Protein chains: 2
Amino acid sequence: MREPTFMILTALAGEPLHGYGLITEVARLSDGRVSLRPGTLYGALDRLVDAGLVAVEREEVVDGRLRRYYRLAEGGADLLAAETERMRRNVAAATARLKTRTHRGAPRLSGGTA
Amino acid sequence: MREPTFMILTALAGEPLHGYGLITEVARLSDGRVSLRPGTLYGALDRLVDAGLVAVEREEVVDGRLRRYYRLAEGGADLLAAETERMRRNVAAATARLKTRTHRGAPRLSGGTA
DNA sequence: ACCAATATATCGGGTGCCAAGATATAGCGG
DNA sequence: CCGCTATATCTTGGCACCCGATATATTGGT
């Protein structure tokens, strides 16, 4: 799973949101790192609804503007949890490898200077 | 960055490896979660070398078979560290949101039980 | 003789993301 | 009144990246 999709599921794990609300919420919870574009968002939502990972909660009309609220389905929460755990392990592996590197010059291998 | 590329950089953060060695090392350090395919691997390596993130360390011929060793360039290590930190934050955000969810039924919103 | 493992390379196809722009309403400043 | 910004959704075209499959070549086991 790619980052935009991951952040959409994460945002919906908190509460149901409509598309535009997702754009602002994802920007907020990522401290501005992830800026969702319309083409990405609505494409992803269609895909996620199609896969049964996200469902349309309800639709509202406010000031003549449609708001379509999406909620995380059970399968979506399970997938997000699995994906989070997978990433956690990858992060742990990368962190461990990066720590073994000397911070100046090449990494010391088993032989050392012997 | 996608998972195969992330794991390639992670594997190379430990020590220089040749292509086939990367396939086995990535499988090992991911406990079998990531199975690198040739098409993915060599395409990614070409791309990473082209971007200056990975460099060809040396070439050996063992038993008539070529081994081309790749090492992580400075830019690659920096990128891997940045990407790891980014993922760590995403994982933290997702973990926090998932924790707020009641494990049966709908999530409790701001009101709580008050 | 055949198959598995080692080792690299290439091609076709698909997924998912992005840039860009279209559509529509409402409020604010010039 | 006109343009700009914010709110809100939708569509199209293109690209990056990955995957499956296949090709090539050597060594060793059965």
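Just so you know, these numbers come straight off a predicted model, no measurement behind them. Sequence lines set the chain letters: A, B, ... in the order given, protein chains first and strands last, and positions in each chain run from 1.
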- prompt: Quick one: is B:Tyr42 getting a side-chain N or O under 4.0 Å of the C:dT8 phosphate, OP1 or OP2?
  reply: yes
Enumerate donor-acceptor pairs with a distance under 3.5 Å from any side-chain N or O in residues 42-59 of chain B to protein atoms, sequence neighbours excluded.
unit_1	atom_1	unit_2	atom_2	d
B:Arg47	NH2	B:Thr5	OG1	3.4
B:Glu57	OE1	B:Arg71	NE	3.3
B:Arg58	NE	B:Glu60	OE2	3.2
B:Arg58	NH2	B:Glu60	OE2	3.4
B:Glu59	OE2	B:Arg68	NH1	2.7

Position toward the 5' end of DNA chain D (nearest nucleotide), A:Arg2 or A:Gly43: A:Gly43
message: Before you tell me yes or no, could you show the steps for A:Met7 and B:Asn90 under side chain to side chain contact (heavy atoms under 4.5 Å, CB included), namely the whole-Å CA-CA distance, both residues' side-chain angles and the distance that decides it to 0.1 Å?
response: CA-CA 8 Å; A:Met7 296 308 282; B:Asn90 288 349; 3.7 Å; yes
- prompt: Toward the 5' end of DNA chain C, which comes first, A:Pro38 or B:Pro38, by nearest nucleotide?
  reply: B:Pro38
field: Contact list for DNA chain C against residues 17-30 of chain B - heavy-atom distance below 4.0 Å
entry: B:His18, B:Gly19, B:Tyr20
- prompt: Taking atom P of D:dC18 as reference, at what distance in whole Å does atom CG of B:Asp46 sit?
  reply: 12 Å
message: Would you say B:Arg37 places a side-chain N or O within less than 4.0 Å of OP1 or OP2 belonging to D:dG20?
response: yes
- prompt: Do A:Leu79 and A:Met1 touch side chain to side chain, with heavy atoms closer than 4.5 Å?
  reply: yes
message: Pair A:Arg97, B:Leu9 - check side chain to side chain contact (heavy atoms under 4.5 Å, CB included), show working.
response: CA-CA 10 Å; A:Arg97 292 297 175 303; B:Leu9 294 183; over 6 Å; no
field: Intermediate values then yes/no, side chain to side chain contact (heavy atoms under 4.5 Å, CB included), B:Glu15 and A:Thr100
entry: CA-CA 10 Å; B:Glu15 55 179 335; A:Thr100 68; over 6 Å; no
task: Within residues 49-88 of chain B, find the residues that approach DNA chain C with a heavy atom at under 4.0 Å, and present them sorted by residue number.
output: B:Arg65, B:Leu66, B:Arg67, B:Arg68
- prompt: Want to settle it: does A:Glu3 or B:Leu41 sit nearer the 5' end of DNA chain C, counting the closest nucleotide to each?
  reply: B:Leu41
query: Roughly, in whole Å, what's the span from CG in B:Leu36 to C1' in D:dA21?
result: 16 Å
- prompt: What pair of heavy atoms forms the shortest contact from B:Phe6 to B:Glu83, and how long is it?
  reply: CD1-CG, 4.0 Å
message: I want to check one thing: is the phosphate of D:dA16, taken as OP1 and OP2, less than 4.0 Å away from some side-chain N or O of B:Arg47?
response: no
- request: Would you mind reading off the distance between A:Met1 atom CE and D:dC19 atom P, rounded to a whole angstrom?
  value: 15 Å
- request: Assess whether salt bridge (charged side-chain N to carboxylate O under 4.0 Å, His left out) is satisfied between B:Glu3 and A:Arg86, documenting all intermediate values.
  value: CA-CA 10 Å; B:Glu3 192 177 43; A:Arg86 184 186 186 95; 2.7 Å; yes
query: Should B:Thr5 be listed as having a side-chain N or O under 4.0 Å from OP1 or OP2 of D:dC18?
result: yes
Over all atoms of both residues, closest heavy-atom pair of A:Leu98 and B:Ala13: CD2-CB, 4.4 Å
field: B:His18 side chain reached by B:Leu22 side chain, heavy atoms, under 4.5 Å
entry: no
